[in-house]
Amino acid sequence: MAQVLEFKLPDLGEGLTGAEIVRWLVEVGEVVAVDQPVVEVETAKAMVDVPCPYGGVVTARFGEEGAEVPVGAPLITVAVDGPADEDGPPAGERRSATDGSRADGARADGSRAEDARAEGSGNVLVGYGTSAAPARRRRVRPGRPAPSAPVTSPTSVPSTANGRAATATTTAAAVGRASGAPDRTAEAVDGPVPVISPLVRRLARQNGLDLREMVGSGPEGLILRADVEYALRAAATQAGKVRTPVAEPHPRVPQAQAPAREPSQAHAPAVGAPAAPEAVRIPLKGIRGVMADKLSRSRTEIPDATCWVDADATELMRARDAMRRFAEERPRSPAAGGTKISVLALLARICTAALARFPELNSSVDMAAREVVRHPAVHLGFAAQTERGLVVPVVRDAHTRNAESLTAEFARLTEAARTGTLTPADLTGGTFTLNNYGVFGVDGSTPIINHPEAAMLGVGRIVPKPWVHEGELAVRQVVQLSLTFDHRVCDGGTAGGFLRYVADCVEQPAVLLRTL
């Protein structure tokens, strides 16, 4: 007899608490194989195809494209062939039960379903695979029905009300009863508050909502962000319907000083006046959200300083052009290679040579242990602007690569960033960042350090400028280099030495031959 197994969004690692559904890869009624990708999601790190550890027929999908799903929320249910549960209904029926014994009866004998899960896939997603997860119990008050299956969450609309005070919960409940909407605040939750996302906790805390007075619409009563926004939106609606009372004149105040009309009338727009445009609110989620958090944390925690210098990049550009001409003129030569060397690759090669001389800048700070951690390898990040926001792919072991290898890796990661196929491993683990903002047509900047790194080198545009060369005024290719560094890992002398070495290599690329 077929069993219905529920596949929940697994923990995708890196401390992620949820993901956004980008595209469903299967339809209800479709047969799926073990480890077949069923949905494409976007996390705060990258786009990920999520494979299902069960094989069978898809009986239900949870969530529309564009919806945010927390870790542990159901994605799909799959009917698989397996032995029937002799002591109770199938797993799918147990899940939809609404009687008071659901918390005890449906979970008491869950080992069979877990065994079926374990047999499905050899791949180990967090929460799935070769080991069974322990069963969880949810406490239910005596005489109260257990929460039903997940309901469709309301559309997420940011709160715009001044009514986000401590009374927002009761106001939301009153509005829900009046409009016939589901009452999400009627029941209190015993024990720990069922919230996974720290963003939901912060949103409720900032708006004075008591999560213990709410019942979530997620699985097992999980409180979602949409539930909190629903309560705030209901409070705002109720506050807008309450008419502001007219102020009565004080007995001791002369009648002439009493307000002539209601405040609402005094501030009402004239008849026929155009309505004021509403502000556009753009949610900080996905990659934009994680970059906002990281940049804010960098500015908060890192005491950064910036130094900069102008450098004559004429010889560097000539060296790049000479490499390209040699490859075109002698394509069969072993020294020609098969890749056109980029300026970014040459600058990256200069960075790795400079970090070998000044390893203090290839570090991070562990404040818990009060230690500066110097990293033995250079994992070089580089800023890349995409339609989905700013991302920083990482070139692994950049100190072991030559200019040709760096060029090829930069091209691969840049293309993956543009198409949204970067993996979490491509976006984490950097130890130093190279930021070429010159592609935007600007000369200088003060970069924000990519936390938890200790430094970032910024490169402006390379443009012809007047320059004193060999005692005479000439037009040269000039670039501005700026270094932002964590003042906890080194002082200005070390940072200045690093930047001066980089500038010397830009002006005289032959200096690199001493370190090759």
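No experiment lies behind these values; they were computed from the predicted model shown.
- Within the 4.5 Å cutoff, the side chain of V39 has no heavy atoms near those of the L25 side chain.
- The line from CD1 of I302 to CD1 of I448 is 10.0 Å long, rounded to the nearest 0.5 Å.
- With rounding to the nearest 0.5 angstrom, the OG1 atom of T446 is 12.0 Å from the CG atom of L483.
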Show your working on side chain to side chain contact (heavy atoms under 4.5 Å, CB included) between L316 and R320 and close with a plain yes or no. CA-CA 6 Å; L316 180 69; R320 191 277 309 268; 5.9 Å; no
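- The two atoms that bring E507 and A311 nearest to each other are OE2-CA, 3.5 Å, heavy atoms only.
- In this structure, the side chain of S298 does not engage the main chain of K294 through any donor-acceptor pair within 3.5 Å.
- Annotation: W24, atom CH2; neighbour count of heavy atoms from other residues, nucleotides and ligands within 6.0 Å is above 12.
- Considering only heavy atoms from C-beta on, C351 comes within 4.5 Å of L457 through its side chain.
- Ring geometry for F432 against F498 counts as tilted: the plane angle lies between 30° and 60°, on a 0 to 90° scale.
- With hydrogens and angles left out, the side-chain atoms of H375 and S364 include a donor and acceptor closer than 3.5 Å.
- Under 4.0 Å is where a charged nitrogen must lie from a carboxylate oxygen, and between E315 and R476 at least one such pair does.
- From H469, atom NE2 reaches atom CG of D312 across 7.0 Å, with rounding to the nearest 0.5 Å.
- Side chain of T431 to main chain of V378: no donor-acceptor pair is present (N/O by atom type, distance under 3.5 Å, no hydrogens or angles).
- The backbone N or O of N402 lies less than 3.5 Å from no partner atom in the side chain of S405, so there is not a single donor-acceptor pair.
- Among the candidates V479, I462, T314, the single residue satisfying the side chain to side chain contact (heavy atoms under 4.5 Å, CB included) test with V506 is V479.
- Between E453 and T433, the side chains place a donor N or O and an acceptor N or O closer than 3.5 Å (distance only, hydrogens not considered).
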Go through the steps for L499 and L481 under the test side chain to side chain contact (heavy atoms under 4.5 Å, CB included), then give the verdict. CA-CA 8 Å; L499 188 59; L481 306 171; 3.9 Å; yes
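- Residues V38 and P51 have side chains not in contact (no heavy-atom distance under 4.5 Å, counting atoms from C-beta outward).
- Of the possible polar contacts, none joining the E360 side chain to the C490 backbone as a donor-acceptor pair under 3.5 Å is found.
- I282 CD1: 12 or fewer foreign heavy atoms inside a 6.0 Å radius.
- In this structure the side chain of C307 never reaches within 4.5 angstrom of the side chain of S482, judged on heavy atoms.
- Side-chain contact check for R349 versus R401: every heavy-atom pair is 4.5 Å or farther apart.
- In this structure, CZ on F326 lies 15.0 Å from CG on D321, to the nearest 0.5 angstrom.
- Open room surrounds CZ on R418; 12 or fewer heavy atoms of other groups in view lie less than 6.0 Å from it.
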Apply side chain to side chain contact (heavy atoms under 4.5 Å, CB included) to the pair E229 and L203, showing each step before the final yes or no. CA-CA 9 Å; E229 291 176 342; L203 181 62; 4.0 Å; yes
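- Salt bridge absent: E328 and R325 never bring a charged side-chain N and a carboxylate O closer than 4.0 Å.
- No donor-acceptor distance shorter than 3.5 angstrom exists from the side chain of R461 to the backbone of Q480, with no hydrogens or angles considered.
- Across all non-hydrogen atoms, the minimal contact from K465 to V478 is CB-CG2, 3.8 Å.
- Side-chain polar atoms of T59 and T77 form a donor-acceptor pair below 3.5 angstrom.
- Heavy atoms only, all atoms of each residue included: V78 and G55 are closest at CG1-C, 4.1 Å.
- Put simply, the side chain of V395 reaches to within 4.5 Å of the side chain of L406, judged on heavy atoms.
- A donor-acceptor pair shorter than 3.5 Å cannot be found between the side chains of D397 and T400.
- Of the N and O atoms on the side chains of D304 and T484, not one donor lies less than 3.5 Å from an acceptor on the other residue.
- We find that R297 and D293 are not joined by a salt bridge, their nearest charged nitrogen and carboxylate oxygen being 4.0 Å or further apart.
- A distance-only check finds no donor-acceptor pair linking the side chain of N207 to the backbone of A204 [under 3.5 Å].
- Note: N436 CG to Q385 CD = 12.5 Å, rounded to the nearest 0.5 Å.
- Residues V489 and S363 share a closest heavy-atom pair of CG1-CB, 4.4 Å.
- Residues F382 and V394 fail the side-chain proximity criterion, which asks for heavy atoms closer than 4.5 Å.
- At a threshold of 4.5 Å between non-hydrogen side-chain atoms, the residues K8 and L75 do not count as touching.
- By the 4.0 Å N-to-carboxylate-O rule, E42 lies too far from R23 to be salt-bridged with it.
- Rounded to the nearest 0.5 Å, atoms CG (L434) and CZ (F410) are 6.0 Å apart.
- Contact detail for A398 and L380: the closest heavy-atom pair is CB-CB, 3.7 Å.
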Please assess T494 against D491 for the test side-chain hydrogen bond (donor to acceptor under 3.5 Å, both in side chains), listing each intermediate value before the final yes or no. CA-CA 6 Å; T494 301; D491 297 326; over 6 Å; no
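- Here the shortest heavy-atom pairing between P447 and N435 reads CB-ND2, 4.4 Å.
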L224 vs D227, test: side chain to side chain contact (heavy atoms under 4.5 Å, CB included). Steps then yes/no. CA-CA 5 Å; L224 308 178; D227 299 324; 3.8 Å; yes
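- Here E27 pairs with R61 in a salt bridge; the nearest charged N to carboxylate O distance falls below 4.0 Å.
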